Amino acid sequence: MLRVENLHLAYGRVTALRGVSLAVEPGAMVSIIGPNGAGKTSLLGAIAGDVAAQSGRILFDGAELRGLPSDAIVRRGIALVPEGRHIFASLTVRENLTLGATIRADRAAARADIDRFLSIFPILRERAGQPAGRLSGGEQQQLAIARALLARPRLLMLDEPSLGLAPKIIDQVYDYLAEVRREGVAVLVVEQNAGRALAASDSIHVLNGGTVRLSGSGAEVMQHAGFDSAYFGVAL
Amino acid sequence: MMRAARRWLPLALLLLVVLAVAALAAVSPEVVRRRMVLALVDLVAVVGLYVFAGNSGVLPFGHAGFMAIGAYTSGLLTIPAPMKAMFLPALWPWLQQTQWPAWAGPPAGGVVAALAALIVGPPLMGLSGISASIATFALLVIVYTVVGNWSDVTGGQQSLMGLPLSTSLAPALVWACVALVVAYAYQESRSALALRASREDEAAARATGVHVRRERLVAFVLSALLSGIAGALLGHLAGTLRADSFYIDLTFLIVAMLVIGGMRSLTGAVLGTLSIALVTELLRLAEAGVPVAGTLLRAPAGLGDALLALAMLLVLLFRPSGLSGGRELGG
């Protein structure tokens, strides 16, 4: 479904990605792990159209995404939950959800979906009329995921979904991502919280210095002799 | 049913406020009534500014230019043909012979201003923050320069006289109500919600599929439409047009009214306009002189502008969300 091939991205003289390649199949969960500055957010940003890669290919169902603006990429079926959630703080919870359905023409079905998400996340229903900025970090994460899913994406990308959340809330987030997968949505997650990502994913890519150092299933990656070296850049 | 009623309650309350102002104007002496009519015309202009600034978060400084376009369009279409032949002898003959009824001037002025916004808007709408504000100011300078030097069509630096004095209380009230309804209906639309999302976080708005440039253009054109109508109403209130009337002073006034009232709600636009209009009128009276114990006490000339600037400064420093606090009346 998604194929990234030999992607290179630089901010001026600073290189963020050096020939990254990976694939995500329908309904699969793929995680990108790596330390700070590894290029994880840049990779998601390039796929989502937020930043422009200098070379390489990003194919979604065989069509090239490079060069498309982010709103056009959402329309192709890819939604991003950015790091820090980026909810619209002064707008109400319901307005945030409505915005998630911006690209949809089926207004009645979109309204029904909003009600469905309010049932799935009861705290959002309780606070539907309140400014989203008043939600806690975990509640904002729920809102950000629900908002992204309202676009009915076929690929959901999440940047550091566990950042700043309590372990119990992280479990809830990953439990919900498992449900999303059961509905056929592929998930591409970027995490520093390697343990959680390793347990939940079909395949893992360890990114460091803008390069994929190691790939495989969670077990394969963990047991690989070069894991520490790939993740931390040095052998421990 | 209840939810729909609650949704439109702020608009109903604002319309009641405007109706109350008009009722007060109707029973006031002629001089006071004229000032209140001017306040209603200012309200159309400030609401026009709000439609773009309030929803996009970009404060434009070029809307007096759209008011000028509306005013001169309306003037050229409604000034009696013999007067145009006298004041604008080099005007195109077809336009010189045109004489529309006075009521048609404001909508025509609004449409031409909206078309101008549609033409200049696309490149400007890609800009954000201070770049966008400065770009709209550049637009104002261009309009001012063209109006002030296109002698064959606008009269250049001379006053363009002969506009029918059609902006009385009734049309000012009707247009103020129309502006409020249009602005509120727009702010309740999905398009305005998308634009407000981009105001909060442009990157996140794009990530939800919002076409930021297109949504800004929709608001910009609607905003120019109302500004053009306000400019035409202003022209038909004064009866004469000068390029200077649609430049820095007017820009400062409408921006101050919106900022002081609170640029993130329609209530702020109404509150700012009416409170500044009231204070300005009181200061005008003070500058003219108030008899106290047989002596005429006069406030120093220019006090009004200085206090307006001070009020805007204080609001920006201590209450950035303005008098309304960014909330809607009854909301």
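As the structure is a prediction and not an experimental result, all values here were calculated from the model. Naming: A, B, ... by sequence-line order, numbering from 1 per chain. Computation of the quantities below employed the complete heavy-atom set of this structure, encompassing side-chain atoms and omitting hydrogens, waters and symmetry-equivalent molecules.
In this structure, a donor-acceptor pair under 3.5 Å is present between the side chains of A:Ser42 and A:Tyr11. Using modelled atom types, one finds no donor on one side chain facing an acceptor on the other under 3.5 Å when comparing A:Ser31 with A:Glu191. Side chains of B:Ser128 and B:Glu202: a donor-acceptor N/O pair is present below 3.5 angstrom, by distance only. In this model, no donor atom of one side chain and acceptor atom of the other lie less than 3.5 Å apart for B:Thr251 and B:His63. Residues A:Ser21 and A:Glu5 bring no donor and acceptor atom of their side chains to less than 3.5 Å of each other. Between the side chains of B:Ser324 and B:Ser265, at least one donor N or O lies within less than 3.5 Å of an accepting N or O. With 3.5 Å as the limit, one finds no donor-acceptor pair spanning the side chains of A:Asp71 and B:His211.
With a 4.5 angstrom heavy-atom cutoff, A:Arg104 touches chain B only via backbone atoms. Contacts of B:Arg214 with chain A are made by side-chain atoms alone, with heavy-atom separations under 4.5 Å and no backbone atom involved. Both the backbone and the side chain of B:Arg206 come within less than 4.5 Å of a heavy atom in chain A.
Partner of B:Thr273 under the side-chain contact (heavy atoms from CB on, under 4.5 Å) criterion, out of B:Val46, B:Leu253, B:Ile260, B:Val44: B:Val46 alone.
Using a 4.5 Å heavy-atom cut-off against chain B, the contacting residues of residues 120-159 of chain A are A:Arg147.
The candidate from B:Ala203, B:Ala205, B:Gly326 with the greatest count of non-hydrogen atom pairs under 4.5 Å with chain A is B:Ala205.
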